[in-house]
Number of protein chains: 2
Amino acid sequence: MSEDSENMREPLHETLQVQRGETEASLQPLRLGERVRSLRLGQGLTLEEASKLTGLARSTLSKIENEQISPTFSVVHKLVNGLGIDLPQLFSEPSNSAQPSGRRDITRRGEGKPHPTATYEHELLATDLSHKKMVPFTTRVRARAFGDFPEWIRHDGEEFLYVLSGAILFYTEFYEPVRLEAGDSAYYDCTMGHMLVSVSEEDAEVLWVTA
Amino acid sequence: MSEDSENMREPLHETLQVQRGETEASLQPLRLGERVRSLRLGQGLTLEEASKLTGLARSTLSKIENEQISPTFSVVHKLVNGLGIDLPQLFSEPSNSAQPSGRRDITRRGEGKPHPTATYEHELLATDLSHKKMVPFTTRVRARAFGDFPEWIRHDGEEFLYVLSGAILFYTEFYEPVRLEAGDSAYYDCTMGHMLVSVSEEDAEVLWVTA
DNA sequence: TTCGCGTGTTTCCTATAGGAAATTTACGTT
DNA sequence: AACGTAAATTTCCTATAGGAAACACGCGAA
């Protein structure tokens with residue numbers, strides 16, 4: 001990093017800002033109060049009961065729900081734990097986002113769209129839907145040795161891997177290989193070379209989701 | 001609810017507390033500062049740069065990292081957006097391992113970060129990574145009846161569901177409920193109300209990925 | 001060594017979060 | 001209606017969060 005003058009700071013500032021998306025003035029309204037209220041009422045709780053559960057004062061809860069205050073992190077933590085808030089609704093943004101699009105696609109076991117390769121036998125799931133943010137598929141790992149692959153598999157995006165059965169060796173470009181068994185999972189950048197090899201008696205089966 | 005005296009409050013308090021697991025004094029330390037610092041350093045940022053990115057004062061960031069203050073939710077929000085942190089990660093317990101720079105995170109079976117609710121028992125996966133496009137977690141479905149849910153669960157984004165074991169009824173707002181068994185999967189818009197109920201002898205276990 | 005200068009910490013002050021209690025609102029009941 | 005009760009809201013006060021600026025600590029260059 002070379003420095004020229006004292007105003008080399010601003011450009012960096014701007015650059016970083018842009019990279020991260022809006023930070024300063026923008027940042028959605030974050031209807032936290034609204035959500036907390038609907039969550040509480042959904043459980044049929046009064047402020048008094050919620051107060052007991054969370055250890056927070058009734059008044060505090062009321063103010064949070066009416067967006068009169070911005071609760072501290074410790075208070076939010078008590079809220080989450082006390083009311084047993086479900087994860088997805090916790091980190092999803094406002095959700096006032098209109099269009100309740102109601103797509104749904106069920107794929108029965110073994111009914112996916114087959115896509116065999118030399119080393120893997122993929123089965124694409126939810127293929128009736130297009131424009132998905134994620135692409136889920138199950139895979140039977142036929143490869144048995146590192147050498148079965150001509151080269152690293154690399155592509156854009158991120159990938160989540162969950163071992164359904166059997167055991168695999170998970171090779172990645174920048175790490176030592178790891179043995180994964182049923183129930184183990186991994187999350188990684190696909191730009192980093194990666195590949196799977198079955199090491200169990202039978203071919204291992206894994207679930208992959210890419211985004 | 002009959003009231004006798006002013007001290008009938010405590011017993012109820014205790015009762016409710018127990019039902020939900022510890023809330024008050026307990027609630028693990030939540031080394032927020034520690035995590036924020038490692039996240040910031042992991043990105044090679046100085047307090048000054050982080051300040052520009054988040055719009056927060058250097059001093060404020062310093063105090064947060066040194067656990068001298070509990071930031072308000074709005075401040076946490078700026079932090080999350082400015083530094084690209086996953087919110088769920090902040091509410092699950094601190095992870096011992098520092099952020100790897102190569103972006104790969106392995107989660108062993110049963111080693112996720114627990115997050116129990118009244119109806120589900122979630123286990124967050126890959127919590128060492130932040131800024132993920134997807135959030136994967138496994139869930140034990142405790143709910144046994146439609147009525148166990150006060151209302152539809154609804155939030156932004158899309159969700160992929162894969163049944164690991166047991167059998168569930170998959171209720172969605174705009175479709176008839178469907179029975180799903182091990183190996184079956186579903187992909188749907190989360191803005192549409194949805195919920196799961198176990199219908200097998202034992203609680204069903206599912207894998208969820210949201211994006 | 002001393003001078004800068006970038007970095008993190010601390011101080012000081014104002015704005016505001018959070019709890020206890022008073023007040024108001026919303027409903028049943030008689 | 002007027003009352004009783006339980007809910008939520010508001011008030012009042014203290015504790016504390018957050019920003020600006022001063023301070024302290026390295027560390028490299030002259």
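Within every chain, numbering begins at 1; the chains are lettered A, B, ... in the order of the sequence lines, protein sequences first and strands thereafter. Only heavy atoms go into these numbers, but all of them, side chains included; no hydrogens, no water, no symmetry mates.
- For the pair L56(B) and T46(A), nearest-nucleotide mapping onto DNA chain D gives the more 5' position to T46(A).
- Applying the 4.0 Å criterion to OP1 and OP2 of dT7(C), one finds that R40(B) has every side-chain N and O outside that range.
- For S59(A), no side-chain nitrogen or oxygen approaches OP1 or OP2 of dG18(C) to under 4.0 Å.
- Between the side chains of T139(A) and H122(A), at least one donor-acceptor pair of N or O atoms lies under 3.5 Å.
- If you check dT10(D), dA17(C), dT9(C) against the side chain of R37(B), the one that comes closest is dT9(C).
- One atom, CD1 of I69(B), and another, P of dT16(C), lie 15 Å apart when rounded to the nearest Å.
- The shortest distance between the side-chain N/O atoms of Q68(B) and the OP1/OP2 oxygens of dT10(C) is below 4.0 Å.
- Residues R104(B) and T172(A) bring a donor and an acceptor atom of their side chains to less than 3.5 Å of each other.
- Taking atom NZ of residue K52(A) and atom C1' of nucleotide dA6(D), one finds them 13 Å apart after rounding to whole Å.
- Side-chain N/O atoms of S74(B) and T72(B) include a donor and acceptor closer than 3.5 Å.
- Rounded to an integer number of Å, the gap from CD1 of I64(A) to C1' of dT10(D) is 16 Å.
- Within the 4.0 Å cut-off from OP1 or OP2 of dT11(D), not a single side-chain nitrogen or oxygen of R58(A) is found.
- Taking atom CD of E48(B) as the reference point, atom P of dC25(D) lies 20 Å away to the nearest angstrom.
- Going from atom CD of E67(B) over to atom C1' of dG8(C) covers 16 Å, rounded to whole Å.
- Using a 4.0 Å heavy-atom cutoff across all strands shown, L47(A) reaches at least one base atom of the nucleic acid.
- Note on T60(B): a base of the nucleic acid sits closer than 4.0 angstrom, heavy atoms only.
- Within 4.0 Å of T72(A), counting heavy atoms only, lie sugar-phosphate atoms of the nucleic acid but no base atom.
- Put simply, N66(A) has no side-chain N or O that comes within less than 4.0 Å of OP1 or OP2 on dA8(D).
- Candidate nucleotides dC12(C), dT9(C), dG18(C) were compared by shortest atom distance to the side chain of K63(B), and dC12(C) ranks first.
- Heavy atoms of other residues, nucleotides or ligands lying less than 6.0 angstrom from CD of E201(B) number 12 at most.
- With rounding to whole Å, L79(A) atom CG is found 14 Å from dA17(C) atom P.
- Side chains of Y187(A) and E158(A): a donor on one and an acceptor on the other come within 3.5 Å.
- Distance CG (L45(B)) to C1' (dG6(C)): 15 Å, rounded to an integer number of Å.
- Following rounding to the nearest Å, E65(B) (CD) and dA17(D) (P) show an atom-to-atom distance of 16 Å.
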